[in-house]
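Step one of this worksheet: look at the structure below.
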Amino acid sequence: MKKLIQFKNIVKEFDGQIVLKGVNLDIYENEFVTLLGPSGCGKTTLLRILGGFLEPTEGKIIFDGQDISQVPPYKREINTVFQKYALFPHMNVYENIAFGLKIKKQSKDVIEQKVMRMLSLVGLEGFEKRNVTLLSGGQQQRVAIARALVNEPEVLLLDEPLGALDLKLRKEMQHELKKIQKEVGITFIFVTHDQEEALTMSDKIVVMKDGEIQQIGTPEEIYNEPENEYVARFIGESNIIDGVMKEDYRVMFDDKIYDCVDFGFKKNENVDIVIRPEDIDIVPRGQGILNGEVKSLLFKGVHYEIMVQTVSGTAKTVKMHVLANHDKVNPEANEKISANDFTMDLEDVAEMTDADVIARANAQAWDEEDEFISLSTVEYDIKPSPAPIRRPSAPPKALRSRLKSASSSRSMSRTTSIISALPLLTSIKHRMKSKRASR
Amino acid sequence: MKSFARMLYPYLVWIAIMILAPMLLIVLYAFTKQGNSVLTLQFTLDNFARFFSDSIFPNVLWRSLKIALITTVICVLLGYPAAYFIAKLDGNRKSVMVLLITLPMWINMLVRTYAWRGILLNFPVSSEFKVFVGMVYNFIPFMILQIYTSLTKMDQSLLTAAEDLGANKVQTFLRVTLPLSMPGVISGITLVFLPAVSSFFIPKLLGGGDYVLVGNLIENYFISTGDWNFGSAISLIMAVIIMISMFITKKVDYENKGETRA
């Protein structure tokens, strides 16, 4: 495959705001490339620069060996399917599709032949006389694709074309688009913020953030080997845990060493460990690598989000003395009222001011008549631990589970993490990813 | 909805008294003889016969239609580029230009026409030309605003799409911008042609006494001669002609759209 498009150090500035910070990207012939990123990451800007609708502030675009930075859009062999299709409302389906060919002054017979071929490609035979404004979203979408493809461009740009469709139609169109791309055999450049769309259709995904490319790779590479924490979080669900790289292919967290697929880090380098939900199994007690106590459980459709405390003793119920102003119920304001013991996250204590503590205590303070009371001062005798303490949770439930590991509970360094897991699905897959910590 | 419908009644009464009744009276006058009282109505077609038997009257009518038509064409030719130019300006300048276009309309039309009379007084041009100047000047803002509105309402992404499909600026204009702004042009034509064909004070003030249009004719019969019956007949004839021309305009407009719908 040969390089069709090369972006060379593309910088784009709008009113002093830098939207693209020097993008370098090669796109090959016959590729389905997806530019993926949240809104405002510069993906659409990059597409518009390629289409010729925006001029880059710096850098150049090489198309088929030629610098096209100065070529106006109507002379580029690139066509676009726009976000809202931009079909011409004063023309019917046939006229819309024939537009580009008429501009090129092709003969009537040729135009008719090509338009009909396109209509059958997108599955709209018999629609040629229809008014485009009366078509459904999916049909308009197909007309827009046909209108672009009929010009036989070398590259088709698609600017979030599926965004306006409902879920079912979107899935259908994903397959359709992939099929069409294979059939016509040209390069598709697809812009989306939907990671699932990107994973489904692309040969190559370009993940962008804040005007910079984060990672370029096949869907498998992007999913299994995210370059950094951002990509890992953006693509799919993942657990990201602080860890230490002990040696090549060996990473440690919670005092346990695991196999991983990465190498080339310094010894004891801090890394972010990425564990995909499907790579975690929850097994009966005693058979796991990591033991823990389930603190909460949320069902998220395709996976559960389970908060597991893997090192015990880091969350505790603290007893506190509360000096109360019984200003709501009790007229004898000076009376010292012992409110209920209440619970607080140990981790939170470190960050809380007295006012926060009072607010938290207020929410849990009530008197003998079960009336809520408000407090003015709170006395408490817990101190935040000097070691960094992470997210233990409040009221423990007696539901116990274990991760596959034997846990050593001697240190406070590691506590719980939110583990997204598919319970009891597959056997052990030690597919841990670790990457350089971003901080 | 029902309770809202009831709120329409005052307006219906208003319309009946202020619009329908005078029009019915005109019809009544047109078909009756002069000097009738309500009790002794004598219906006749004499008024219409008189209009068509003397070639002066149809000639005046024809001249009025011609003037209105030419005025409309000039307004389209001058107004479209102006509207296009304003629509392309950026936000602030755009509103300033629209304001400048509407500003003269705050002043009474009659006053402005008098001003033109002063300006054109010593120019050695025909009175017909002066009438054209007055007409175009007075009516072109309606044309510009109508076209401007339809241009700014247009989805800009359509222009991008046309360019993407290989159309240069001229082709984009001819194939996308122009056809999509036609509704604005059509309503502009309506708004210019109608007042132009029936205008009487512009030809009166700018054309001097020697330039009579149908509006002047009607005014004459109502005010100077006092022959309301004949005046009404002329009004009615003109109303019918206007209605026919409106119908044709609408039909052309509809067929333009209908083409893609068929």
Side-chain angles (χ1 to χ4, degrees), chain A residues 44 47-48 50-54 71-106 128-135 140 143-153 155-159 161, chain B residues 76 80 83-84 87-94 146-189 249-262:
Chain A
T44 298
L47 197 76
R48 292 177 70 83
L50 180 57
F53 308 113
L54 288 176
V71 177
Y74 63 89
K75 286 189 183 158
R76 299 189 184 193
E77 279 183 79
I78 295 170
N79 287 110
T80 311
V81 176
F82 294 90
Q83 205 162 11
K84 285 173 195 136
Y85 322 136
L87 298 178
F88 303 120
H90 59 300
M91 300 178 190
N92 63 27
V93 170
Y94 183 94
E95 290 164 330
N96 261 284
I97 299 174
F99 186 89
L101 301 175
K102 280 186 188 158
I103 293 284
K104 292 196 190 87
K105 307 233 158 51
Q106 301 207 355
E128 48 270 29
K129 293 275 169 60
R130 295 281 195 94
N131 177 352
V132 290
T133 56
L134 300 179
L135 296 180
Q140 291 191 11
V143 175
I145 293 169
R147 186 180 68 172
L149 283 177
V150 79
N151 301 292
E152 290 156 13
V155 182
L156 184 71
L157 309 183
L158 301 110
D159 184 6
Chain B
V76 173
Y80 200 104
Y84 188 79
K88 289 275 171 205
L89 291 175
D90 56 46
N92 263 335
R93 292 185 199 178
K94 206 188 272 188
Q146 288 301 317
I147 299 175
Y148 165 80
T149 311
S150 72
L151 283 175
T152 45
K153 263 198 322 206
M154 197 178 347
D155 185 355
Q156 295 302 304
S157 69
L158 296 177
L159 308 183
T160 318
E163 222 184 331
D164 182 79
L165 293 166
N168 60 29
K169 301 270 182 218
V170 177
Q171 288 166 322
T172 303
F173 176 79
L174 290 177
R175 286 174 184 269
V176 181
T177 314
L178 191 60
L180 284 176
S181 59
M182 274 327 271
V185 176
I186 298 285
S187 57
I189 288 175
T249 323
K250 287 270 176 248
K251 192 147 177 110
V252 169
D253 189 26
Y254 180 78
E255 267 167 16
N256 272 345
K257 282 184 206 143
E259 211 180 306
T260 63
R261 212 155 288 177

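Per chain, numbering begins at 1; letters A, B, ... match sequence-line order.
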Spacing of A:F82 atom CZ and B:L158 atom CG [to the nearest 0.5 Å]: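 Separation between the atoms: 9.5 Å.
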task: To the nearest 0.5 angstrom, please state how far the CD atom of B:E163 sits from the CD1 atom of A:I103.
output: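 It is 11.0 Å, given to the nearest 0.5 Å.
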- prompt: Are the side chains of B:R175 and A:K102 in touch, meaning some heavy atoms are under 4.5 Å apart?
  reply: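 With C-beta onward as the side chain, the pair touches.
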Is it the backbone or the side chain of [X] that comes under 4.5 Å from a heavy atom of chain B, or both, or neither?
X	answer
A:L101	neither
A:R147	both
A:N79	both
A:F88	both
A:K84	neither
A:L87	backbone

message: Quick check for you: among B:S157, B:G166, B:P179, which has the greatest number of heavy-atom pairs under 4.5 Å with chain A?
response: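 It is B:G166.
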message: Just so I understand: if I count every heavy-atom pair under 4.5 Å between each of B:D155, B:T160, B:L159 and chain A, which residue has the most?
response: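 Greatest number of close heavy-atom pairs with chain A: B:T160.
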- prompt: Should we say atom NZ of B:K169 is surrounded by more than 12 heavy atoms from elsewhere, each under 6.0 Å from it?
  reply: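 Open.
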- prompt: Counting heavy atoms not belonging to B:N92, are there more than 12 under 6.0 Å from its CG?
  reply: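 It does not: B:N92 CG has 12 such atoms or fewer within range.
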field: Option that, when pairs with chain B are counted at under 4.5 Å, heavy atom only, ranks first among A:P73, A:A144, A:G100
entry: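 Heavy-atom pairs under 4.5 Å are most numerous for A:P73.
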query: Applying the side chain to side chain contact (heavy atoms under 4.5 Å, CB included) test to A:Y74, which of B:L165, B:N168, B:D164 qualifies?
result: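 Single side chain to side chain contact (heavy atoms under 4.5 Å, CB included) partner of A:Y74 among B:L165, B:N168, B:D164: B:N168.
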